[in-house]
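These notes are about the structure you will find just below.
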Amino acid sequence: LILLAWTLLPAAGGQPEDSTSQGCRLARGKIDQVRIGLLGPFEVRTDGGDVVDVPGARLRGLVTALALDAGHVVPKATLVDWIWADRPPADATNALQRLVSRLRKALPDGTVEGHTDGYRLAVEPDGVDAVRFERLLGRARSDGDPRRLREALALWRGAALQDVGLLDNVIDLFFGH
């Protein structure tokens, strides 16, 4: 659905009407907010509004893959597909572990959790603009409230997945080209 929306809907500027539902995590005994922007230039922000630098296409691709399934464990094989598509390194598991280690250094403590079968971004789904967009669009369709559609469209800040750099990998993953 989100890929279809990215290709069919025009980018819209502005802020969502309800910005209270943002990504939350518990770190060192306090609630911290992390928001991920994918609907426009790639962006990670902390609770204080600071932009977190996530350098490199592979790290941004890893954040993107985790963010689109925020709050859930994403299997390692899925992450390898996102990052390397049909050209994974010989030791993809270790390469992924090294990327995750680099990502943990870039993001606030506790944002990326390791699990036996994959990794989890400890962010509430509404802390990711693309996930929030999809939810609001579904609600707009079900309740017929145009305010929900306006709120969803206001999340767009430009072309989706700008600055991620792995768009060809994502297209290959979803459409098999």
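Position 1 is the first residue of the sequence; numbering continues from there. We use all heavy atoms of the structure for the numbers below, so side chains are in, but hydrogens, waters and symmetry mates are not.
- In this structure, Arg148 and Ala140 approach most closely via the heavy-atom pair CB-CB, 3.6 Å.
- Within the 4.5 Å cutoff, side-chain heavy atoms of Leu39 are placed close to those of Phe133.
- At a threshold of 4.0 Å, the pair Asp69-Arg120 does not count as salt-bridged, since none of the basic side-chain nitrogens sits closer than that to a carboxylate oxygen.
- Val73 and Ile83 are members of different hydrophobic clusters when ILVMFWY side chains are connected at heavy-atom separations under 4.5 Å.
- Counting heavy atoms from C-beta outward, Val112 and Leu107 have side chains that approach closer than 4.5 Å.
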Does Ile36 form a side-chain contact (heavy atoms from CB on, under 4.5 Å) with Leu121? I'd like the steps, not just the answer. CA-CA 11 Å; Ile36 313 287; Leu121 191 64; 4.3 Å; yes

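- Note on Arg132 versus Glu151: salt bridge recorded, some NZ/NE/NH1/NH2 to OD/OE distance being below 4.0 Å.
- Scanning both residues, Ala122 and Glu113, for their nearest heavy atoms gives CB-OE2, 3.8 Å.
- Ala92 approaches Trp84 most closely through the heavy-atom pair O-CZ3, 4.4 Å.
- The OG atom of Ser142 sits 10.0 Å away from the CG atom of Leu137 when rounded to the nearest 0.5 Å.
- Counted within 6.0 Å of NE2 on His72, heavy atoms from surrounding residues, nucleotides or ligands total 12 or fewer; the atom is thus considered open.
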Full working for salt bridge (Lys or Arg N to Asp or Glu O under 4.0 Å) between Arg157 and Asp129: CA-CA 10 Å; Arg157 300 170 291 112; Asp129 62 359; 3.6 Å; yes

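- Listed here is the closest heavy atom pair of Tyr119 and Gly114: CD2-CA, 3.6 Å.
- Looking at heavy atoms from C-beta onward, Leu79 lies in side-chain contact with Leu66 at the 4.5 angstrom threshold.
- Considering every non-hydrogen atom in both Val131 and Ala67, the closest pair reads CG2-O, 3.6 Å.
- Contact annotation: the side chain of Val63 approaches that of Leu103 to within less than 4.5 Å [non-hydrogen atoms, C-beta and beyond].
- The shortest distance between side-chain heavy atoms of Leu59 and Leu99 falls below 4.5 Å.
- Checking side-chain atoms of Thr64 against main-chain N and O of Arg60 turns up a donor-acceptor pair under 3.5 Å.
- The only option from Asp145, Leu155, Leu149 that meets the side chain to side chain contact (heavy atoms under 4.5 Å, CB included) definition with Leu136 turns out to be Leu155.
- The existence of a salt bridge linking Arg45 and Asp50 is excluded, since no basic side-chain nitrogen approaches an acidic carboxylate oxygen closer than 4.0 Å.
- Minimum heavy-atom separation, Ala65 to Val74: O-CG2, 4.1 Å.
- Hydrophobic clustering, with ILVMFWY side chains joined whenever heavy atoms are under 4.5 angstrom apart, groups Leu68 together with Val80.
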Leu62 vs Trp82, side-chain contact (heavy atoms from CB on, under 4.5 Å): CA-CA, chis, key distance, verdict: CA-CA 7 Å; Leu62 179 57; Trp82 259 88; over 6 Å; no

